Amino acid sequence: MKKGSMMALLVPLAVALLLSGPSSLATAASGGGGPVEWGKLDPHFYDQSCPHAQHIVASIVGKAHYQDPRMAASLLRLHFHDCFVKGCDASLLLDSSGSIVSEKRSNPNKDSARGFEVIDEIKAALEAACPGTVSCADILALAARDSTVMTGGPGWIVPLGRRDSRGASVQGSNNDIPAPNNTLPTIITKFKLQGLDIVDLVALLGSHTIGDSRCTSFRQRLYNQTGNGLPDFTLDASYAATLRPRCPRSGGDQNLFFLDPITPFKFDNQYYKNILAYHGLLSSDEVLLTGSPATADLVKLYAANQDIFFQHFAQSMVKMGNISPLTGANGEIRKNCRRVNHS
């Protein structure tokens with residue numbers, strides 16, 4: 001079968017599977033499409049103003065996922081990196097202009113954040129269908145859910161009605177997003193500042209079941225974990241030996257490695273099984289097992305029971321998506337996700 005005809009079959013199927021779940025669940029959960037309360041997130045926010053919004057997002061995410069299997073993880077990551085800085089307000093999507101210094105330049109995003117062109121395509125399609133209606137922040141939330149579903153993960157009802165910020169914070173991006181070499185107490189603190197607890201932390205890091213990481217993000221584990229010139233003893237030696245050829249002591253900073261080399265494009269619980277085998281790629285992955293009995297117990301639970309992991313992940317994604325949203329008269333609905341409306 002030719003690529004084009006296969007895509008014509010696969011994308012509508014993925015979209016149909018996605019939209020037959022969460023949207024019907026949303027209707028059941030709130031008793032239909034009643035009036036939306038001002039200033040509150042609601043799954044039915046666009047039922048009247050842009051009824052096909054979720055279909056448009058899902059179809060473009062489906063196409064992007066088919067064309068590039070890495071894109072699902074990239075879109076999911078954008079939502080995380082947006083919400084941890086000033087709340088879920090699409091500040092991450094702003095390019096530098098005038099007084100705005102883009103969060104894309106921050107250490108967590110520079111040379112690694114991607115998928116912006118997919119968000120642009122979704123926004124253009126929504127502007128054509130429903131001008132000035134659907135926010136870039138809501139696009140990020142929907143694209144994260146759709147990317148999870150299309151790689152085999154759980155679906156969830158996405159509360160909607162976020163508005164877009166008129167500014168960015170590169171400093172917030174540098175300081176607030178958990179880093180691969182952060183200690184577990186630091187990671188716990190960064191999650192707690194966002195109103196997220198240990199269950200949210202361990203469940204949300206399960207997003208590392210898909211996607212890649214750069215050599216520069218874990219090199220110290222291979223050669224000099226604690227400044228004594230020795231590798232990280234919590235990284236399996238045979239696994240480390242497979243990583244070193246493409247992640248040398250110097251050079252190869254941008255070389256990509258699967259976060260889960262067993263099922264790299266499937267959203268499942270293999271990530272936690274890898275951690276139990278001391279095959280967590282990032283220090284921030286493995287410390288979930290070695291850094292605290294409470295987080296270790298959750299790793300063991302999710303490794304043993306994928307259904308519970310999926311349930312907790314979905315709940316925590318909704319919780320994360322509720323971090324300090326702009327609603328009501330706050331913020332704006334950007335016409336172009338890369339710049340504020342008056343520029």
Side-chain angles (χ1 to χ4, degrees), residues 10 14 17 64-77 80 112 114-115 144-155 178 180-181 184 187 201-222 225 231-248 252 254-291 295-314 316-317:
L10 289 177
L17 288 171
H65 170 58
Y66 177 79
Q67 293 173 340
D68 176 2
R70 293 180 56 214
M71 189 53 69
S74 297
L75 294 174
L76 182 54
R77 186 171 184 256
F80 278 87
S112 64
R114 61 193 293 272
R145 190 271 311 275
D146 298 354
S147 295
T148 303
V149 171
M150 288 178 185
T151 48
N181 58 352
L184 184 59
I187 297 170
L201 188 164
V202 181
L204 290 173
L205 281 182
S207 61
H208 287 180
T209 186
I210 56 176
D212 307 90
S213 182
R214 297 173 297 154
C215 164
T216 187
S217 296
F218 62 87
R219 172 184 283 120
Q220 86 286 345
R221 300 192 71 203
L222 300 176
Q225 175 69 359
D232 186 349
F233 71 92
T234 70
L235 180 65
D236 177 75
S238 61
Y239 181 41
T242 69
L243 300 172
R244 287 192 183 96
R246 291 185 55 244
C247 189
Q254 305 305 315
N255 288 348
L256 293 174
F257 294 77
F258 292 130
L259 286 160
D260 168 18
I262 309 298
T263 54
F265 300 111
K266 183 180 180 184
F267 199 103
D268 56 20
N269 68 336
Q270 183 63 46
Y271 166 77
Y272 300 102
K273 297 176 183 178
N274 296 343
I275 291 175
L276 292 179
Y278 297 96
H279 284 207
L281 183 63
L282 305 179
S283 178
S284 55
D285 296 325
E286 200 59 53
V287 293
L288 297 180
L289 178 66
T290 61
T295 56
D297 285 345
L298 287 164
V299 169
K300 294 169 187 173
L301 174 64
Y302 297 155
N305 192 321
Q306 181 169 277
D307 289 343
I308 292 179
F309 163 50
F310 278 13
Q311 178 187 342
H312 288 186
F313 183 83
S316 294
M317 284 296 291

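The figures here come from the full heavy-atom set of this structure, side chains too, leaving out hydrogens, waters and symmetry mates. All values derive from a computational prediction rather than experimental measurement.
Taking every heavy atom of both residues into account, Gln225 and Ser283 meet most closely at NE2-OG, 3.6 Å. Looking at every heavy atom in both residues, Gly280 comes nearest to Glu286 through N-OE1, 2.9 Å.
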Check your understanding: Passes side-chain contact (heavy atoms from CB on, under 4.5 Å), Arg70 versus Leu256? Steps please.
Key -> CA-CA 11 Å; Arg70 293 180 56 214; Leu256 293 174; 3.4 Å; yes
Could you please spell out the steps behind the side-chain contact (heavy atoms from CB on, under 4.5 Å) verdict for Ile210 and Asp260? CA-CA 6 Å; Ile210 56 176; Asp260 168 18; over 6 Å; no
Applying side chain to side chain donor-acceptor pair (under 3.5 Å) to Gln270 and Asn274, what does each step give before you reach the verdict?
CA-CA 6 Å; Gln270 183 63 46; Asn274 296 343; 2.9 Å; yes
Practice prompt. Please assess Leu281 against Leu243 for the test side-chain contact (heavy atoms from CB on, under 4.5 Å), listing each intermediate value before the final yes or no.
Written response: CA-CA 9 Å; Leu281 183 63; Leu243 300 172; 3.7 Å; yes
Report task. Begin from the C-alpha positions of Leu301 and Val202 and carry the test side-chain contact (heavy atoms from CB on, under 4.5 Å) through to its verdict. Result -> CA-CA 11 Å; Leu301 174 64; Val202 181; over 6 Å; no
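With sequence neighbours excluded, the residues forming a side-chain contact (heavy atoms from CB on, under 4.5 Å) with Ala144 are Leu76, His79, Met317, listed by chain and number.
The side-chain heavy atoms of Leu288 and Leu201, taken from C-beta on, include a pair separated by under 4.5 Å.
A donor-acceptor distance shorter than 3.5 angstrom exists from the side chain of Asn269 to the backbone of Tyr302, with no hydrogens or angles considered.
Separation of the Phe309 and Tyr271 ring centroids does not fall under the 6.0 Å cut-off.
Between Asp285 and Arg221, no side-chain nitrogen of the basic residue sits less than 4.0 Å from a carboxylate oxygen of the acidic one, so the salt-bridge criterion is not met.
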